[in-house]
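The next block holds one structure in the form of structure tokens; read it before the comments.
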Amino acid sequence: MNNLTGKTVLITGAGSGIGKAAAVRFAQESCKVIICARNIEKIEALAAELKEKYQADTYAFALDVRDKEFVRAVIESIPQEFRNIDILINNAGLALGLEKFSDNLVEDWEEMIDTNITGLLYVTREILPIMLHRRQGQIINVGSIAGIHAYPNGAVYCATKAAVKTLTDGLRQDLVETPIRVTNIQPGMVETNFSVVRFHGDKKRAGDVYKGIEPLTGEDIADIIAYAAVVPAHVQICEITVTPTNQATGNIVYKKR
Ligand code: 8X3
């Protein structure tokens with residue numbers, strides 16, 4: 001197995017959920033952790049926690065992945081001791097709305113496309129040259145089971161995650177002559193603030209999504225991400241799909257009454 005100690009990991013969308021759990025997981029592995037998200041308060045609180053609890057070297061900054069120039073400037077300004085990024089976890093992403101196509105808000109489509117696809121591309125474009133220069137690295141994208149099969153009322157969200165899958169596959173092909181590994185993690189139902197965001201803050205509706213089923217946790221996914229990173233250098237995990245035991249696809253779910 002690869003030793004993760006001392007590796008530098010950059011995680012987008014690290015303020016909560018899977019991203020935060022991954023930051024904790026890699027801090028526990030004695031990695032240097034770079035965390036960013038839109039909400040600077042959450043990121044600063046997490047940075048303090050990682051330093052205090054795990055004595056992790058941590059660098060934190062606010063980042064909206066949709067802002068091309070800002071992404072470039074802020075990544076360029078990462079201090080020298082954090083610049084040798086070994087693992088990029090493209091986790092920033094969101095779902096907005098769960099309605100029929102005609103009832104969706106156009107603004108929600110735009111935010112999902114700009115964050116889940118374009119933002120992922122902006123960040124990857126800035127980090128990849130560092131990996132190519134060092135001839136090592138791994139890009140781990142957080143896709144979704146929604147990217148494998150669309151489900152009703154989720155057309156645009158599912159399309160963004162299908163794009164993440166295809167982009168991950170294409171990037172892996174373009175990097176086939178290099179030691180850089182490219183991985184897509186495709187979770188099903190994970191109980192984070194995902195559904196609260198999807199339902200525009202409606203906590204009751206969000207809570208109902210996970211009633212009658214034991215969903216995955218952010219920590220479950222962080223463990224899987226860490227596994228994809230820790231396998232030996234000659235092993236490339238291309239993708240992992242993971243669901244709660246009672247979920248088969250995005251919309252085939254068994255719930256106890
Ligand atoms: C979210 C997965 O199954 O809740 O990316 O749509 S699911």
Side-chain angles (χ1 to χ4, degrees), residues 11-22 37-38 65 89-101 103-105 108-121 139-169 183-225 228 237-256:
I11 305 163
T12 66
S16 60
I18 295 171
K20 180 176 179 181
R38 279 189 285 184
V65 296
I89 303 175
N90 275 316
N91 166 71
L94 77 174
L96 289 170
L98 188 65
E99 280 88 31
K100 283 203 183 297
F101 184 84
D103 298 331
N104 277 163
L105 296 174
D108 284 353
W109 292 348
E110 289 167 343
E111 189 168 344
M112 288 189 281
I113 292 167
D114 293 350
T115 308
N116 301 2
I117 306 175
T118 316
L120 179 147
L121 291 173
I139 296 168
I140 303 178
N141 293 332
V142 178
S144 169
I145 193 174
I148 304 170
H149 300 291
Y151 51 75
N153 303 327
V156 176
Y157 173 68
C158 295
T160 65
K161 291 300 184 176
V164 171
K165 176 181 166 41
T166 308
L167 288 168
T168 312
D169 290 344
T183 301
N184 190 24
I185 307 290
Q186 305 184 115
M189 296 166 78
V190 185
E191 189 165 15
T192 58
N193 64 350
F194 174 85
S195 290
V196 178
V197 172
R198 167 170 257 177
F199 299 130
H200 299 282
D202 183 339
K203 290 194 175 143
K204 160 88 179 66
R205 194 173 170 200
D208 287 347
V209 171
Y210 308 107
K211 275 208 181 122
I213 184 167
E214 185 174 351
L216 301 168
T217 63
E219 288 72 24
D220 292 327
I221 306 305
D223 279 346
I224 288 164
I225 293 172
I237 295 189
C238 298
E239 62 186 31
I240 296 180
T241 302
V242 52
T243 62
T245 303
N246 292 124
Q247 180 180 23
T249 70
N251 65 325
I252 300 179
V253 176
Y254 170 75
K255 290 185 173 184
K256 288 198 187 88

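When reading the values below, keep in mind they use all heavy atoms of this one structure, side chains included, and skip hydrogens, waters and symmetry mates. Counting starts at 1 for both ligands and their atoms, following the listed order.
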Contact table ligand 1 N or O to protein N or O, d under 3.5 Å:
unit_1, atom_1, unit_2, atom_2, d
ligand 1, 3 (O), Gln247, NE2, 3.0
ligand 1, 5 (O), Ser144, OG, 2.6
ligand 1, 5 (O), Tyr157, OH, 2.5
ligand 1, 6 (O), Tyr151, OH, 2.6

Side-chain touch Val242/Asp220, heavy atoms, less than 4.5 angstrom: no
Leu96 backbone acceptor or donor facing Arg198 side chain under 3.5 Å: no
Within-4.5 Å side-chain heavy-atom neighbours: Leu167 and Asn141: no
Residue pairs fulfilling salt bridge (Lys or Arg N to Asp or Glu O under 4.0 Å) with at least one residue in residues 142-159, sequence neighbours excluded: none
Heavy-atom donor-acceptor pair, Thr192 side chain to Gly218 backbone, under 3.5 Å: no
Whether over 12 other heavy atoms sit under 6.0 Å from His200 NE2: yes
